[in-house]
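In what follows, a structure is listed as structure tokens, so that the remarks can point back to it.
So you know, we letter chains A, B, ... as the sequences are listed, proteins then strands, and number each from 1.
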Amino acid sequence: MDEIDFVSIEKKWQKTWEEKRVFEISEDSGKEKFYVLEMFPYPSGAGLHMGHALNYTIGDILARFKIMKGFNVLHPMGFDALGLPAENAAIKAGVDPEKYTNDAIENFVKQQRALGVSYDWSRMVNTANSEYYKWDQWIFLKMLEKGLAYQKEASVNWCPKCDTVLANEQVNEGKCWRHEDTDVEVRKLRQWFFRTTEYAEELLNDLERIDWPERTKTMQRNWIGRSEGTEISFEISGGEPQISQISTDKVILVDAVHCLVDEKGNVNQELKNYLDSLPNRKIVLTMAPKSKFDLFFGKVKDYEIFTTEFNPKKSSPKYYEKVLEEFNLKKENVVYFEHSEDGVDSAKSLGIDVVPYNGDVKKVKEFIDSKIKPQISANARESGNVWKVFTTRPDTIFGVTFMVVAAGHDKLDELVTNEQRLAVDEYLRKMNSVSEKDIERREKEGVFSGSYAVNPANGERVPIWIGNFVLADYGSGMVMGVPAHDKRDFEFAKKYGISVRQVVTNKDPLDFKNRYTGKEAFVDDGVLMASKQFSGMSSLEAKTDITNWLAGKGNAKRVVNFKLRDWGVSRQRYWGTPIPIVYCDGCGAVPVPEKDLPVVLPKEVKFGKGNPLETNSEWLNCKCPKCGGKGRRESDTMDTFVNSSWYFLRYADPKNSKKIFDFDKVKYWNPVDVYIGGAEHACMHLLYSRFYVKFLRDIGALDFDEPFLKLFHQGMLHAEDGRKMSKSLGNVVEPIETMKKYGVDATRWFLISVASPDKDFDWSEKGILGATRFIKKVFEFYDSFVGGKDSEELVSKLNLCIKNIGNYYDSFEYRKATIEIRELFGELEKGCSKDSGLKFLKLIAPICPHVAEELWEKIGEKGLISVASWPKVDEKVIKNKGQKISGEGLNEKIVERIKGILKSDTKKVYVYVMPFEIGQIDKEKILRDIRDSKLDIREVAVFAVNDSTKIDPAGRANKAKPGMASIYLE
RNA sequence: GAGGAGAUGCCGGAGUGGUCAAACGGGGCAGACUCAAAAUCUGUUGGCUUCAGCCUACGGGGGUUCGAAUCCUCCUCUCCUCACCA
């Protein structure tokens, strides 16, 4: 058998499709549209990699299938051509970025064409073309008009040697990627932002309406990060630190249970009243039976009761040590309450304060009062300086022992007192180095600001710290520290010796596992304690009640916060869309009028020091559009994600020079029905595009809410060794090579037949050989094709396949399609009619378009299979493989099987069948038939497997299957 | 830490209550062709076997059911994403 010349077959059909403009389409109101889109690539000099090939193949199969199903299919391709690599190539090799980009695009197109993808090339979009980015600028102006584009100071990575801003990817361990000896600095620059937060709520809610992978939607939800909580106002009072509140941390260790409750169960009311009167936190640690304490305290409210097992040998020093250790208590924080002599001695030997109890409550009071300093009620100065704080746990407000403000907060200086100035400055210097910022899981650090805040719930003054774990741009940039009930606060408080006050206890006091131990924060919801009138309330209730209570005093309100930040679009880079703004001394930042768009990137620029736009005075200097005076262009360009946020709209009308696009054309084609691309864009491109569409809708350019109705992520393709394909590992497989060696269709077949296309998989040389083998087999079969007759099985199988494979193509279950195609081909090989042969070709055409065309022609068909219609399913001829065997057949089968296993001494036969089959069984007939061969069979008993009265000595009933009775002989 | 996805025979990977010892591919083994190999084709590929069936199997334990790879429950392990968001 001669080698099949796949290369010339491919060329032949690619040329035909191009010449006949098979895939160039236009609006047709009589046809239902379908818009298939693959993410457009960044045209890198390296050309197509296998991941691209997979991406395009997945889209192409769907597009081709939809064409055959009679849809008017829009399947375009373009290039995300602005971006860093072109600029870097320019810096490194002195290549003109535009030339670099155009060469790369040319190479890409060549390779994409070679893959046989059904793109409408007449609609190609290139974002580096000023005819495209003109409309980026137009959108920018519209946003500006609506107040959705604005300027503010923001931090950037700055390399002093490059004299430019670096992208995050260009900073390695705090050093510049090009100057490894240079520390990158954090600088504040005035930058442009898009107000994505304006749409936060809608971006979140509309996720429910689109058919996207759940994990991607979850990622966006987390990214948007909506949380409901309370904003609480804290008054600031600077100046002198007052007596700290730390000493209320004392734990009263009660061992003498009968001090509290006597033998008869009478509560020592005097002592109880006293303990109840103690301020704030009161913890009673007991080693006595819980029941006695319940009597004493009634319901657990302001007390945290640590109970340990009753232990007769408890008075030994060792035992106390163990107890202290178990509850993570320091002996200096414990006041011990005891009556027995050895208990007192043991405690004293450990250096614990002991209250010897002999029935005199007065003495106890005096002693405890001397050890526990009463809470100093802070008299907040009416300074009028109020800071707001966001919290999702207003129920813990009584547990606030400090505040933390972000190191990068704008108004930080207002809090820093003269005494603390030096310490704070030193701390901030440390924080500002990027290397500090980059360290993973860096420790919580902070410094006291010198100021205090007044807790509106209890009037307490608490110190305000400056900390690195608080984000300046989330909430208000300040948090209330509740160390007992927040992990971070706890860590911070422990590090700096700030007091910890428990205000929430577990619901079940006997739950030893899940409660506040003092070793770590107790972050679960529970029951409030030491929280004034809210003590005893559940966290859930308290969240509402405390918020309402504070709101009533004008100190709080319910708010919703988002993690989502506004999108900073300024890039101090050359190869991007220029921001259409001119700065004028008199008029400030003036937008370039629409009629003057596009602001085109200058061609002649000098790379080397910083952003080349900044040193290009010819381009930079211009007239102020407002006053006509001296103006200076904005030298920052836009983030490249701006370009990709709306390109899918431009495909509908790619050459329009008057408008961003014709609204009616966009209305016809959009939204995108199926969008295919990598999962790595979940939170950037896919979110920005949704934002853009919502904005364009609001200015009347669109009439839909979401850009991509359905989203599909292809899996990652690894090298044969299971590792990532990379040049340095030398394991890269180039699609262009593979296509040459095995043919395009085999490559396409392989890519989608190894695994479900949404799963990761490894390249396999054996695998592609298998694909090639199959395609050759198909080719050879048709090569000598003479129509024959269809078997009943074939007709059934063929129609089932038409139905199933169609569904598979629709739902990206391509791997299953290849499996059924192989099975069907196995049937076909046994002989088939010409009609069936043609239908089979149609089934494989979306995956293997070149071979399908070639064989279609060879077999004598006119026209192109690419635009032929998908075969109709004849449901009637599909034999149901689950079809029930008729009563007749069932009985015969049973007889046959009984005969097969009959023994010479068999007297009785038990037959077990499925419950729904029992009615079809003819007992008499079975008996008659087996008697023919063996006369002394006396009885045949038939049971349904679920019959509870059945006789089944050998447990055979559970072996029965539909159509397959189980038999037991006796 | 939070969220998501998984665990099937030598391997990749179907299978979501009964015709499942488990599709399809790869690999292995045997045979055909050949001087021989590659390619191709045929058969076979859990164990025991009187080819009827029995036993052991779909990460591990427990459960539901006449019946579980498939449903419930607990456990173990793997992968991915975001991570100091108050």
What's the closest nucleotide to the side chain of [X] if the choices are [options]?
X        : options             : value
A:Trp223 : B:G27, B:A86, B:C82 : B:C82
A:Ile819 : B:G26, B:C24, B:A83 : B:C24
A:Asn222 : B:G25, B:G3, B:G15  : B:G3
A:Thr391 : B:A86, B:G26, B:G1  : B:A86
A:Lys777 : B:C84, B:C41, B:A86 : B:C41
A:Met219 : B:U81, B:C24, B:A86 : B:U81
A:Val470 : B:A86, B:C84, B:C24 : B:A86
A:Glu823 : B:C41, B:C84, B:A23 : B:A23

Determine the sole option in A:Leu54, A:Asn55, A:Leu711, A:Thr57 for which the side chain to side chain contact (heavy atoms under 4.5 Å, CB included) test with A:Ile676 is passed.
A:Asn55

Quick one: do [X] and [Y] make a salt bridge, cutoff under 4.0 Å?
X        : Y        : result
A:Arg221 : A:Glu214 : yes
A:Glu228 : A:Arg558 : no
A:Glu460 : A:Arg501 : yes

Round to the nearest Å and state the distance from [X] atom [atom1] to [N] atom [atom2].
X        : N     : atom1 : atom2 : answer
A:Phe469 : B:G1  : CZ    : P     : 20 Å
A:Phe774 : B:A39 : CZ    : P     : 19 Å
A:Tyr814 : B:G25 : OH    : P     : 22 Å
A:Met480 : B:C84 : CE    : P     : 20 Å
A:Phe402 : B:A86 : CZ    : P     : 16 Å
A:Ile752 : B:A14 : CD1   : P     : 13 Å

What do you reckon, are the aromatic ring centroids of A:Trp567 and A:Phe193 less than 6.0 Å apart?
no

Stems formed with participation of RNA chain B [Watson-Crick or G-U wobble, under 3.5 Å, three or more pairs]
B:1-7 with B:76-82, B:10-12 with B:24-26, B:27-32 with B:40-45, B:46-48 with B:53-55, B:59-63 with B:71-75

Using the [atom1] atom in both, what is the distance from [N] to [M], to the nearest Å?
N     : M     : atom1 : answer
B:G59 : B:A7  : C1'   : 6 Å
B:C55 : B:C41 : P     : 39 Å
B:C10 : B:U40 : P     : 26 Å
B:C71 : B:G26 : P     : 30 Å
B:G18 : B:U76 : P     : 31 Å
B:A5  : B:G28 : P     : 38 Å
B:G47 : B:A57 : C1'   : 10 Å
B:C80 : B:A32 : C1'   : 49 Å

Which part of the nucleic acid, if any, lies within reach of [X] when heavy atoms closer than 4.0 Å are counted: base, sugar-phosphate only, or nothing?
X        : result
A:Arg226 : nothing
A:Val389 : nothing
A:Lys563 : base

Who pairs with A:Glu765 by side-chain hydrogen bond (donor to acceptor under 3.5 Å, both in side chains), at least two apart in sequence or on another chain?
A:Tyr742, A:Trp763

Between A:Asn561 and A:Ser227, is a side chain to side chain donor-acceptor pair (under 3.5 Å) present by the stated rule, with each step listed?
CA-CA 5 Å; A:Asn561 241 302; A:Ser227 63; 5.9 Å; no

Just checking, is any N or O donor in the side chain of A:Glu820 or A:Asn804 under 3.5 Å from an acceptor N or O on the other one?
yes

Taking atom types as modelled, find out whether A:Ser539 and A:Asp395 have a side-chain donor-acceptor pair closer than 3.5 angstrom.
yes

Does A:Ser227 put a side-chain nitrogen or oxygen below 4.0 Å from OP1 or OP2 of B:A86?
yes

Note: for A:Asp473 and A:Ser764 on RNA chain B, the residue whose nearest nucleotide lies more 5' is A:Ser764

5' precedence on RNA chain B between A:Phe562 and A:Ser756 (nearest-nucleotide basis):
A:Ser756

Identify the pairs formed between an N or O of the protein and an N or O of nucleotides 4-12 of chain B at a distance under 3.5 Å, and give each distance.
{"from": "B:G12", "atom 1": "N2", "to": "A:Arg815", "atom 2": "NH2", "distance (Å)": "2.5"}

Check whether any side-chain N or O of A:Thr230 sits under 3.5 Å from a backbone N or O of A:Ile232 as a donor-acceptor pair, and report yes or no.
no

With a 4.5 Å cut-off on side-chain heavy atoms, are A:Phe812 and A:Lys710 touching?
yes

